[in-house]
J.: 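My questions all concern the structure below.
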Amino acid sequence: MSRSAVWVFGLVFFAGCAGSEGPPPFLHGEFYQQLRDHAESFLLIDGDWKEDMDDGLFYGLAYYARAGESEDDEAFRARAQEAYQRDVRLVQEADLLTGDMNQAFMAALGLVEYMDATGDRGHLADLDGMIEDVNELVSTLGHYLPPEAMPGYAMETYGPTSINGLMSLLSLQRAFVLGGADAETLTAFSNEVAKKIGERSWNGASYDFGAGREGLFLYPNITMIILHARLYQLTAGPEHLERALTTYQGMQPLKVTIESGWAGPGRYRSPYSAEYMGAQSDDYSTLSSQNYLMLALMLLYQVTGETAFLEEMDSVLDFLEGYLVGEACYSDVDLPGACDEPCPDGLACLKGECFEDACHQGVLHHWMDGRLAVPADPEYFCSGCNLQLLYLMWYRQEMIQ
């Protein structure tokens, strides 16, 4: 995801219903292997991916824990264990009032993945304690976080619809993946949040950004597809499936088509940060938003069995493989003011530290105005988004049956 990683954007999809014919075959094995190889060069120190914009807290741990077990890879397991120790500390030290909740939420989502992949639930009490504190706070606010309750980059960039929907997904993830006696309570909490979001943002065809920002946006709608589809899995309430499918139809104007002058593979426009990035047209699609779109499409397949959703996901993968792969250097991730003092020549600033600059291949941040991202753009590369993409492709191969 972009710079903030939006603490909440996390979800893995287990179970669901597949069509009688089964899913189409996975066609991107070569792309998957290439990205695995590229990821070996992403800077990782003490469980911290330095180029990740904090998405690695969730997706780095999730990918290496899952793939380490399914592929019996000891190197992957060791990498997951390293990341796990850092995530545990962040969850234990989470401060809802003054702490970095972006990091805490991403770490918590990573722990859910690790616990399910490995069976190690030694820190389940720490995870549940944080979730209980968060849900208690949100409940006292009427099951909805107003923009003023969480000011800053995340709320301004993704909007209150996305933030509230994705905040509640931590509870659903915990309930659906790990189960237990509290699953019903966690599901009921998220259902209340979904109702409050609907009261404020549902316009009859799609979800609004919120906070008075007009227009159709991708993130609020893929967020709510994920939320309602997960609620359908947990409750079997038909209203949730209906809302998820209606929302999918409502966001179709964002799809880039031949009629709009695009002859390439499937993708959706990502208006949320187009102005910030300096786009001169609506031809703007980010890796992060396409990743979360693919999560929504996989979940729609799982709850409907309709292979068209997976075929659309495959087309998005075609776009990422064919249009967004390029070279990135540590210095390309360097954000102004990230270090107290500029790094000496030959060194790059990552998360407040100077490192010897190096370059590697990967999937870049966006496509804009008919071109691939360039280092001069405000955001250029995020290793966390690449790790998320690895996780998605692993999931598409291993868990979609």
Side-chain angles (χ1 to χ4, degrees), residues 1 4-11 54 57-58 90-112 124-178 180-202 207-212 219-235 237 240 243 292:
M1 187 175 293
S4 69
V6 188
W7 33 273
V8 289
F9 259 108
L11 185 60
D54 286 337
L57 289 164
F58 174 25
L90 289 171
V91 167
Q92 290 174 331
E93 298 168 2
D95 186 333
L96 302 187
L97 298 179
T98 62
D100 187 337
M101 289 309 297
N102 171 37
Q103 289 190 342
F105 269 80
M106 296 301 279
L109 289 160
L111 293 188
V112 172
L124 182 60
D126 293 318
L127 173 66
D128 285 345
M130 183 188 128
I131 293 174
E132 182 179 356
D133 290 344
V134 169
N135 291 0
E136 182 177 353
L137 174 62
V138 175
S139 297
T140 63
L141 295 173
H143 292 91
Y144 186 87
L145 288 172
E148 59 271 17
M150 187 187 165
Y153 180 87
M155 186 68 78
E156 294 170 3
T157 303
Y158 302 98
T161 298
S162 297
I163 294 301
N164 277 279
L166 294 164
M167 173 274 301
S168 72
L169 287 173
L170 174 57
S171 291
L172 291 183
Q173 176 75 347
R174 165 65 179 86
F176 190 68
V177 175
L178 298 180
D182 293 333
E184 185 174 347
T185 299
L186 294 172
T187 302
F189 165 81
S190 294
N191 195 35
E192 287 300 314
V193 173
K195 290 179 182 178
K196 294 299 181 181
I197 295 172
E199 292 172 5
R200 290 164 171 80
S201 302
W202 178 247
Y207 283 91
D208 296 329
F209 182 91
Y219 264 122
N221 288 287
I222 52 179
T223 298
M224 297 309 293
I225 288 172
I226 293 168
L227 178 62
H228 281 290
R230 178 62 97 211
L231 282 167
Y232 176 71
Q233 288 182 313
L234 284 161
T235 69
H240 293 299
R243 179 59 61 88
Y292 286 105

J.: So how far is it from His143 NE2 to Lys196 NZ, rounded to the nearest 0.5 Å?
T.: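 Separation between the atoms: 8.0 Å.
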J.: Apply side chain to side chain donor-acceptor pair (under 3.5 Å) to Asp182 and list each qualifying residue two or more places apart in sequence or on a separate chain.
T.: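 Scan of Asp182 (side chain to side chain donor-acceptor pair (under 3.5 Å), adjacent residues dropped) gives none.
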J.: Which distance, rounded to the nearest 0.5 Å, do you find between the CG of Asp100 and the CD of Glu93?
T.: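 Here the rounded value is 12.0 Å.
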J.: Mind checking side chain to side chain donor-acceptor pair (under 3.5 Å) for Thr161 and listing every partner two or more places apart, or none if nothing turns up?
T.: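 Result, side chain to side chain donor-acceptor pair (under 3.5 Å) vs Thr161: Ser201.
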J.: Less than 4.5 Å apart, any side-chain heavy atom of His240 and any of Leu234?
T.: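 They are not in contact (no side-chain heavy atoms under 4.5 Å apart), so the answer is no.
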J.: side-chain contact (heavy atoms from CB on, under 4.5 Å) with Gln92: which residues, sequence neighbours excluded?
T.: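 Scan of Gln92 (side-chain contact (heavy atoms from CB on, under 4.5 Å), adjacent residues dropped) gives Val88, His123, Asp126.
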J.: Under the side chain to side chain donor-acceptor pair (under 3.5 Å) rule, collect the residues that match up with Thr98, sequence neighbours excluded.
T.: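 In terms of side chain to side chain donor-acceptor pair (under 3.5 Å), with neighbours along the sequence ignored, Thr98 is linked to Asp95.
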J.: For Asp133, which residues count as a salt bridge (charged side-chain N to carboxylate O under 4.0 Å, His left out) partner, sequence neighbours excluded?
T.: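 By the salt bridge (charged side-chain N to carboxylate O under 4.0 Å, His left out) rule, Asp133 matches no residue at all.
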J.: Quick one: side-chain contact (heavy atoms from CB on, under 4.5 Å) partners of Asn135, sequence neighbours excluded?
T.: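 Asn135: side-chain contact (heavy atoms from CB on, under 4.5 Å) contacts with Ile131, Ser171, Leu186, Phe189.
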J.: List the atom of Gly165, the atom of Met224, and the distance in Å for their closest heavy-atom pair.
T.: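 Distance-wise, the nearest heavy atoms are CA-SD, 4.3 Å.
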J.: Who are the side-chain contact (heavy atoms from CB on, under 4.5 Å) partners of Ala108, not counting sequence neighbours?
T.: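 Here the qualifying residues are Val91, Leu127, Met130, Leu170.
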J.: Measure the spacing between OH of Tyr219 and CD1 of Ile163 and express it to the nearest 0.5 Å.
T.: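 Here the interatomic distance stands at 10.5 Å.
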J.: Checking Tyr144 now: which residues fulfil ring pair (Phe, Tyr, Trp, His ring centres under 6.0 Å) with it, not counting sequence neighbours?
T.: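 Here no residue qualifies.
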J.: Quick one: pull up CZ in Arg243 and CG in Leu231 and give me the separation to the nearest 0.5 Å.
T.: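 With rounding to 0.5 Å, CZ (Arg243) is 11.5 Å from CG (Leu231).
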J.: Just wondering, do Val134 and Met101 contact through their side chains at under 4.5 Å, heavy atoms?
T.: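 Answer yes - side chains close enough.
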J.: Determine the minimum heavy-atom distance between Ser190 and Ser168, stating which atoms define it.
T.: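 That would be OG-O, 2.9 Å.
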J.: How long is the span from the CG atom in Asn221 to the CG atom in Asp208, to the nearest 0.5 Å?
T.: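 It is 8.5 Å, given to the nearest 0.5 Å.
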J.: Which heavy-atom pair separates Tyr207 from Gly198 by the least distance, and what is that distance?
T.: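 Heavy-atom minimum between the residues: CE2-CA, 4.2 Å.
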J.: Give a yes or no answer on whether the side chain of Thr140 reaches the backbone of Leu137 with a donor-acceptor pair at less than 3.5 Å.
T.: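 Yes, the answer is positive, given that a donor and an acceptor are paired below the 3.5 Å cut-off.
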J.: Mind listing the closest non-hydrogen atom pair of Leu90 and Gln103 along with its distance?
T.: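 Shortest heavy-atom contact: CD2-OE1, 3.6 Å.
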J.: For residues Ala107 and Leu57, report the shortest heavy-atom separation together with the two atoms involved.
T.: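 Taking Ala107 first and Leu57 second, the nearest heavy atoms are N-CB, 4.0 Å.
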J.: Taking salt bridge (Lys or Arg N to Asp or Glu O under 4.0 Å) as the cut-off, I'd like each qualifying pair that reaches into residues 161-176, sequence neighbours left out, listed once.
T.: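 Checked against salt bridge (Lys or Arg N to Asp or Glu O under 4.0 Å) - neighbours excluded - the pairs reaching residues 161-176 are Asp128-Arg174.
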J.: For the residue pair Phe209 and Met155, what are the closest heavy atoms and their distance?
T.: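 Distance-wise, the nearest heavy atoms are CZ-O, 4.4 Å.
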J.: Taking atom CD1 of Ile197 and atom OG of Ser162, what is their separation to the nearest 0.5 Å?
T.: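 So the CD1 of Ile197 and the OG of Ser162 are separated by 8.5 Å.
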J.: With sequence neighbours left out, write down each residue that passes side-chain contact (heavy atoms from CB on, under 4.5 Å) with Ala149, or none if nothing qualifies.
T.: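 Once residues adjacent in sequence are excluded, the partners of Ala149 under the side-chain contact (heavy atoms from CB on, under 4.5 Å) criterion are Leu141, Leu145, Pro146.
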